[in-house]
Amino acid sequence: MSTPSLLTLHAAVSGGGSLLAATLELDYPNKPGALRGVSFDIEAGEIVGLIGESGSGKSSVAMCLMRLLRARGTRLRGSIRFDGRDLLASSEREMRRIRGRDIGLVLQSPLASLNPMLRVGAQMAEAWRAHRSTSNEQMRGEIARAMEMVSLPSTDEFLRRYPRQLSVGLAQRVLIAMAILHRPKLLIADEPTSALDVITSAEILKLFARLNRELGMAILFISHDLLSVAALCHRVAIMKSGELVECAPAARIFAAPAHPYTRELVAALPRMPGAPDQLPVSSTNLSTAIEKMAGLP
Amino acid sequence: MLRWSAVAALLAILAAGLFANWIAPHGYADQDRESPNLSPSRQYPLGTDELGRDRFSRLLYGTRVSLLLAPAAAAISIAVAVALGGFTAYAGAGWARASSLVTDLMLSLPTILILLTVRAMLPLNVSALASIVITCVLIGALNYPPAARVIGAGVDALLKSDFILQARATGQSPGRILIRQLMPGIRPVLIAQFWLLVPVFVMAEANLSLLGLGVSEPMPSWGNLLRELENYSAIPERPWVLAPLGVLMVTVLCLYAILPSGEPA
Amino acid sequence: MALRFLAKHAVRLVLTVLIAGLLGAALVRIAPAFGVSEQELDPRLSREFVQGQRPEPVGILRYYGQFLYGVAHGDFGESPSLQRPIGELLRERLPVSLENLAFGAGAGIVLGFLCAMVAVVFRSPLARAVPVASSTVLLSLPSAALGLLFLLAGWPPAMALTAVVFPRVYRYSAAVLARSADASHVLAARARGVSPGRILCVHVLPGAAPQLLAIVGMAISLGFPALVPIEAVCDSPGVMQLALKAAMARDLPLLVVLTMVASVVVLIGNAAADISSDVLRRES
Amino acid sequence: MSIRRLFPLLALAVVLCAAAATVGGPPGTGGELRFAVRAEPKTLDPHVVVDEPSQVVAYLTGGGLVRENRLTQELEPALATHWRVLEGGAAIEFTLRQGVRFSDGAPFTAEDVAFTIRRVADPALHSPLAETLRSGSGAIRAEVKSPTVVVVRVPNRIANLAGMFDGIAMVSSKSKTNPPAGLGPFVIAEYKPASHLLLRRNANYWKKDAAGRPLPYLDSIRLDILANRELEMMRFRKGEIHLLNGLEAESFDRFAKETPGAVRDLGPSLDSEQIWFNQVPTAPIPAYKREWFRNVEFRRAISAAINRADLCRLVYRGHASPADGPVSPGNHAWINTKLKPAAYAPQAARERLAKAGFRMQGATLVDSGGRPVEFSLVTNAGSKIRERTAALIQQDLAKIGIKLNVVPMDFPSLIERIMRTYQYEACMLGQIADPDPNEMMNVWRSSAANHQWNPNQKKPETTWEAELDRLMDEQASAVDPKKRKAAYDRVQEIAADQLPFIYLVHKNALVGVSPSLWNTKPAVLRPQTFWNVDTLAFNAPRGR
């Protein structure tokens, strides 16, 4: 798939005042063309799913948007416009202000993403102080509110725990609480459910939906799980080996997958035994089915 | 890219040493007694030493000695370390403690005295080649402890790994596991150690020769040539005496550093 | 638990030092030219005179027993080659070597750590290129040559040790810190906009601390032997210069003591590495 | 005017100033003289010194009854105003200088001399000085004749008896310190091991200069303990130390270019470099090799094949002279002037070898049994001079088809091989000689340990060794200097003819003396630069 057609796709989909509009070209020193002309946008308050097999470059997209690429010799080109600003032209200092305050990030392995040597409370406080200098009471109030929002107890006992004393699900909630502490306009979740068991994963999906609803937060939801994405997202983008092959509202992806790869993905979805061979064509059907499965209201 | 140019440069230098017989304009022991202490000229590209020997030719021959000696010593050192590390990893905790004790002791004993002892026991009429081989075996065998630690740790980690467990689960004999599973597994560690040790032994030979106990005269080696440092106040006046050797040493050792990873780190 | 751990290490240390001393004694005893004195070449002195100068040879075990008895009573014996009490020699020279080691290796460690931290925090090419280039060049020079060069420049011998220790510390610690900085909790902290200084101090360094401690241990056990050529060429009156002299003179009592001193230093270096790896194991 | 042209003028000016200053007294008194010793002095007791640094300290702090003028090589009165050798060399009577006081203020009397002699002769002290006085067994006795006259008796007759007292520092019988107070120009003020030794002027020193001023002129001497030669030279260049003893040719030439006034080539020293073959009958070497080494024609051929002129020119940069025997041209009294220097004659060497049954097989020399001639030469490791010498000899011998393997080894191992196990074939070492042949007794006598090529013989194995024994005994007991000289001349002739030692070179005595010093008179005899330390001074006043 070549860049021009994607650009047209982009132009067709994006409105005038989107929250984020990005076109990404990324080369790793040992893997040139990790991202080739990946172009998409996110409206304020919208949940966009990013789907692809491992190695297709989905996580690189998250790192690019946050400008967190560490490896030497990595080259990032293109443009990232976020909330009226050009992130690629921003200095590291400006980026630091944006990270965590305007864009939140939730990573895939919750326990590894918490510093094992710091208590939960300390890490929360650090996340708060990174952008605000307020009184301790105010901070505690804010932290309690964020924790409440992700259904965590904000007791002292809990705040004094070390990450190793948390379950994976709790850890993920702590990470989300930290990510939404400053009410960012955009939350990037990089495979937030892949390390979780089915039930916890469903709870977290519900949580994302609620955050989107209650806080009006846009979410870029990166996953390799088509079903959870379909349940949650307004729009879905499909990636394959560094390219964006399709980007469409969730319903259309299932109803009329345009790209052969998308069709392959959809066809590979598991089916309940005894279910009709034909895939449910109506997207609403599917969404309700999935919503029921995930226990969403 | 960097890696291949490093390989090419190193091979070129090694070739220059290996084919010194053809490249060098003079023999390493040839004395032109009428022209000692010359400055560089067309006939003597790097001048001559006190005995009228061509410095350039001696540098080439010295490169050969040092570049062959150091890898050989590194190989010996690794062989000792593997034998010790592999054995103790297999033989259990008691032996492991014993071997780490031996290693600690090796590190604390005055190495210089061990060197003197072994050298003093050698027969007198040994050829230059034999003296090089002996030097190499000696410094190789004496400097095994650092390699032994790393390799021991590597073997240890491997023994705890899943695929060895898998191999045990399938009922393979320990010997077979050692040869078919452990050796290939430990190979990257060995190779990394080898590259790490080669420069160490280039240094060791140099340090030994600075004491006058390395490769014996008139055979040149980098260490022997470095002995010009003893008259160091004369160096600034006659930069051609040591500068080429210094540049060559730093170049070769930097190339060695680049080789294993493909980047200078 | 911790007490038992320490006790185990202490017992091990004492045992190793004792064996090292005995082995050192045996080594000198079997080394060629034990009991030879340069005076034998002096034509003015008769054979009887020279032989009279030499102490009676005793069996190694018996000697070692007497020596240990002496040490228990605070007497290290007398060095035959220097004709002075060994305790006095150690009192004069050990501080010099420890000072060289502390300042030289200390500066090397600090410099290596600093460069590694700078390279991890500011990932600019310059912040890496300078220490990488300098450490590669320093690694390519024998320590004796470094000592001579520093002597020529009129710098103290401790700085030559810095030049020996720095590149190795830098290499290892840069690798350790880079690995620690790659941990996903560090990435997460960066994604929350935490400042680089706080990331280094709170998130990167604590994770790498045990391994950095091991590097300090390595630097000590690496710097100590490197002091031999440095002290020898720089004429720095430390114990390592003494050790070289003692080896050349086959000075049995002195070498036994110095071997023990060396083993203590080596073991302390190892213990630092061991303890930190134990800590590491308990963490995981 | 270029700097190069200016140098001779400056040098001339310096010389003229120095000459002008010598006429009157010293231009200034006081100041601290500094120079380096290579190692720590092993002892501060002047009676048990064997190592060089201790000798330096003993020389500076000790006063003897007589003193050898290192320049004229003649004995001068010191604490004894005059002396008389009695009983053909078995006793000597000293008349002591009066009014002399020890550094602690006690008066110096004949009692102190007797005490000193008793102390030196005491077997418990283990003094090497007693060795020189006691050739053979028997007691050394001192008799006090009067407060100013003392007679010293030795068990055997010694030819140069008075000279022996140059090195014996007189100590006070009343002193409580150990070592006891002495009579030298300086006293030890501070000793910081591994760093330096500080000597202070002895206010009670007996000597006065021509104008009646008390000596020494200098306030103090600082001896830095410094093993590194290059460091020593760097500090000399900076003016931090004032004297350099035993410079090497390379450094000498460099200094000569930089600061011509600061270094001096004093001509041939008494030291020699030599190689010798192992002729010990029981030595663990192949029998056929021992046959070669014991064959005088073989030794003569080797000697003729070595190009000594090249050695002097290349290794010593011209600061050495080819050696033809044990006695250096610098030893005016004892050299046998009739001996011709050994000539470089490879052709003659080949002829000699052919006569002895060796023949060429291609480019290799083989002996009568067809074995290729190859042997090893041991020498001490770390000496650049010896390694270069060996490299040159290696090539010289290659020209006559002999393969020489050079084996450097550390000094103790070398000594063990040449003194005890005899596991060597040939050895190269140097000899530090004193002028008097008495010091060489243990070298030339076949029963001695230092008879290197074949030591500790029960009775002389060859007629020429028997003759050496006889000649050495003769010179040792003869009182008549002429007879001694004749005997020792013959020793030198035998040595040159039989070549038990193949002497290579006598290197020149090269020293450095700071131009800031006045009245320096460096001599080839040790201590070369500071033998007249009591009359040394600085050119500019240094303030007390």
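Just so it is clear: chains get the letters A, B, ... in the order the sequence lines come, proteins before strands, and each one is counted from 1. This one's a predicted model, so the numbers in the text were calculated from it and none came from an experiment.
- Inspection of non-hydrogen atoms places no residue of residues 136-148 of chain A under 4.5 Å from chain C.
- More than 12 heavy-atom neighbours from other residues, nucleotides or ligands sit within 6.0 angstrom of CZ on A/Phe158.
- When side chains are defined from C-beta on, C/His185 does not count as touching A/Pro163, because their heavy atoms never get closer than 4.5 Å.
- The stretch residues 98-107 of chain A places A/Arg99, A/Gly100, A/Ile103, A/Leu105, A/Leu107 near chain C, each with some heavy atom under 4.5 Å from a heavy atom of that chain.
- The environment of CZ in A/Arg160 is sparse: at most 12 heavy-atom neighbours from other residues, nucleotides or ligands sit within 6.0 Å.
- Using a 3.5 Å distance cut-off with no hydrogens or angles, the side chains of C/His203 and A/Glu126 do pair a donor with an acceptor.
- The minimum heavy-atom distance linking A/Ser113 with C/Ala188 is given by the pair O-CB, 3.5 Å.
- Residues C/Arg192 and A/Gln123 have side chains in contact (heavy-atom distance under 4.5 Å, counting atoms from C-beta outward).
- At a 4.5 Å heavy-atom cutoff, the contact between A/Leu118 and chain C is made by side-chain atoms alone.
- Residues C/Val202 and A/Asn115 come closest through the heavy atom pair O-ND2, 3.2 Å.
- How far OG of C/Ser195 is from CZ of A/Arg97: 12.0 Å, rounded to the nearest 0.5 Å.
- In this structure the side chain of C/Leu187 reaches within 4.5 angstrom of the side chain of A/Met63, judged on heavy atoms.
- In plain terms, the two heavy atoms of A/Arg96 and C/Pro196 that are nearest each other are NH1-CD, 3.2 Å.
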